[in-house]
Peer 1: 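Sending over a structure as structure tokens; questions will come in a sec.
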Number of protein chains: 2
Amino acid sequence: MSIDYNKVTIKTSLHHCFGSPNDDIEGLPQFFAELAEGADEVDIKGNTFLFREKDPSDYVYILVSGAVMLERSTSTGSRQVFAFLYTGNLMGLSEQLTYSFSAKSLADATAIRISRSAMQSMFDRYPAVAQKYHKVTGRILALILDQLFIMGQKSAHQRLGHFLLDMIPKLGRGQSQFYLPMSRQDIADYLGMSLETASRGFSRLKRSKLIDIQSNYHITILDEQKLRDFIAD
Amino acid sequence: MSIDYNKVTIKTSLHHCFGSPNDDIEGLPQFFAELAEGADEVDIKGNTFLFREKDPSDYVYILVSGAVMLERSTSTGSRQVFAFLYTGNLMGLSEQLTYSFSAKSLADATAIRISRSAMQSMFDRYPAVAQKYHKVTGRILALILDQLFIMGQKSAHQRLGHFLLDMIPKLGRGQSQFYLPMSRQDIADYLGMSLETASRGFSRLKRSKLIDIQSNYHITILDEQKLRDFIAD
DNA sequence: CGAGCCCTTGATGCATTTCAACGAATGTGG
DNA sequence: CCACATTCGTTGAAATGCATCAAGGGCTCG
């Protein structure tokens, strides 16, 4: 039980999550040292659950590599995907005793795992770090509100456009080609539409030369401005 | 500049928001005393903005009476309502420098207003209270996820059913009649549908005898169980 | 080479929006 | 107190967007 803070992938993930030492957050190095003691590194096969909705929320995970989606399913098998998470995102920390959604890997992934109670107690002892974390929570809340806005106001094809544009900040500057780690079905469930509608959306954007589809999972945005015009009602 | 903590409406609102003294939260009485010094009581006419999206987020508001909705509008005039807030809800506290949505009163209302920086500094000095507040934030996040789920997975009429059932917890036990403080348009914008669809939803639920409509704003739930069956896909 | 999976495309039907008219409630000025 | 305007809600008819059903194509892997 412990992780190697000096491993580059781990270090960058932690910094992404809690800030880096030159952010001048009080107690951050000690926090990381203590975290490294109490945490574990876990390997996750593709398409497996890190945890499921209603399981006791015993652990908190920080994604080190790979991609994960947060989702909730109905009894009838339909599903809402809440978010796609990438390196450096934290998941599973809530005040409730059980998880309110499931977390499923999209491909092989690795994560740092730490018990929720340990995390809580560390937040109690490092208030500056906790504060940083609450800022992140606030940003997440803002992102979900954006998503709610899009779900309520935009057409299916516009929602897909939003989704593709949201990929851009994750890329290097000027980059407009990217790899989608999720299936059409995942995208459809994220945007609240059928698989077919999502697929038609891709086709239509390609036909209008707003995007190019090298392969099912390799997309290039050809005309960002036109895409932005398209999603603005 | 100061409010009267002993005024019943104010006291209950604050307790609803930060906990009551018998919740045994460290420093709570001092927190309330300090809050009372730095806060103001403001009267708000019906249908006016407490603040608008993109305004500098200078103040935090705690609703004492009346009802408020949080919303965001597009350039073309369409609108998404994020939430309806009632007595004891806090709004406007975020880490960003500007509000990310507008707050508009549904009818005449009163609120406690305090500067955001004062609120922040009090949270720094009363960590137990801040922690209580972050729990509330977590609950809000869970509620928004529920809303996102409903928006993505349910039909328009089902969403309306959800909305009506959500009114119940706010009522006394066994109570099934309530007053809706918002218009059909507000409801439609909350649930991401047209005014007409919302209206047809009410009519249909009335025709099926799941609800009764005494007047436009007075609704009775006649058969809660059937309504729950209806919204479960 | 064939099986299986995922994606695409077409055809059809249903849910929801849009356009339009009407009705009920409320307020205003004569 | 009544005619009138105004606002808000309801209802109908037509148009549209999206889901569903169904078939076929391309990729990957044994």
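Any value given below was found using the heavy atoms of this structure, including those in side chains, with hydrogens, waters and symmetry copies removed. Proteins come first, then strands; the chains are lettered A, B, ... in the order of their sequence lines, and each starts at number 1.
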Peer 1: Base of D:dT20, side chain of A:R200 - is there a donor-acceptor contact under 3.5 Å?
Peer 2: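 Looking at the base of D:dT20, it does pair with a donor or acceptor on the side chain of A:R200 (distance under 3.5 Å).
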
Peer 1: Taking any heavy-atom pair under 4.0 Å as a contact, classify A:S194: base, sugar-phosphate, or nothing.
Peer 2: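 The answer is base, as A:S194 lies within the cut-off (heavy atoms under 4.0 Å) of a base atom.
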
Peer 1: Taking the side chain as everything from C-beta on, heavy atoms only, tell me whether B:L70 gets closer than 4.5 Å to B:L85.
Peer 2: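 In short, these two side chains touch, coming nearer than 4.5 Å.
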
Peer 1: Please report how far the helix from C:dC1-D:dG30 to C:dG30-D:dC1 bends, comparing the axis fitted to its first five pairs with the axis fitted to its last five, to the nearest 10 degrees.
Peer 2: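 Overall, the helix from C:dC1-D:dG30 to C:dG30-D:dC1 bends by 30° from one end axis to the other.
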
Peer 1: Would you call the rings of A:Y179 and A:Y217 parallel, tilted or perpendicular, where under 30° means parallel and over 60° means perpendicular?
Peer 2: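 Because their plane-to-plane angle lies in the 30° to 60° range, the rings of A:Y179 and A:Y217 count as tilted.
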
Peer 1: Is the closest basic N to carboxylate O distance between B:E71 and B:R79 below 4.0 Å?
Peer 2: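 A salt bridge is present here (some side-chain N lies under 4.0 Å from a carboxylate O).
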
Peer 1: Which of the following nucleotides, C:dC6, C:dT16, D:dC18, is nearest to the side chain of A:Y217?
Peer 2: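 Among C:dC6, C:dT16, D:dC18, the one nearest the side chain of A:Y217 is C:dC6.
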
Peer 1: Does some side-chain heavy atom of B:F178 sit less than 4.5 Å from a side-chain heavy atom of B:I221?
Peer 2: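 They are in contact (side-chain heavy atoms under 4.5 Å apart), so the answer is yes.
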
Peer 1: Contact class for B:S155 vs. all strands (heavy atom < 4.0 Å): base, sugar-phosphate, or nothing?
Peer 2: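 Sugar-phosphate, no base atom in range.
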
Peer 1: Output the single nucleotide from D:dC21, C:dC7, D:dC18 whose closest atom is nearest the side chain of A:T197.
Peer 2: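 Nearest listed nucleotide: D:dC18.
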
Peer 1: Quick check: any donor-acceptor pair below 3.5 Å linking the side-chain of A:E196 to the base of D:dC21?
Peer 2: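 Yes, the side chain and the base share a sub-3.5 Å donor-acceptor pair.
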
Peer 1: Of the candidate nucleotides D:dT10, D:dG9, D:dA19, which contains the atom at the shortest distance from the side chain of B:S203?
Peer 2: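 Given the options D:dT10, D:dG9, D:dA19, the side chain of B:S203 is closest to D:dT10.
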
Peer 1: Salt bridge between B:K7 and B:E41, side-chain N to carboxylate O under 4.0 Å?
Peer 2: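 Yes, charged N to carboxylate O under 4.0 Å.
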
Peer 1: Choose from C:dA11, C:dA20, C:dT8 the nucleotide whose nearest atom is closest to any side-chain atom of A:L195.
Peer 2: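 Output: C:dT8.
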
Peer 1: Any Lys/Arg nitrogen of A:K11 or A:D4 sitting under 4.0 Å from an Asp/Glu carboxylate oxygen of the other?
Peer 2: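 The answer is no: the pair does not qualify as a salt bridge.
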
Peer 1: With the side chain of B:R184 defined as its heavy atoms from C-beta on, choose the nearest nucleotide among D:dT10, C:dC19, D:dC21.
Peer 2: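 Between D:dT10, C:dC19, D:dC21, the one nearest the side chain of B:R184 would be D:dT10.
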
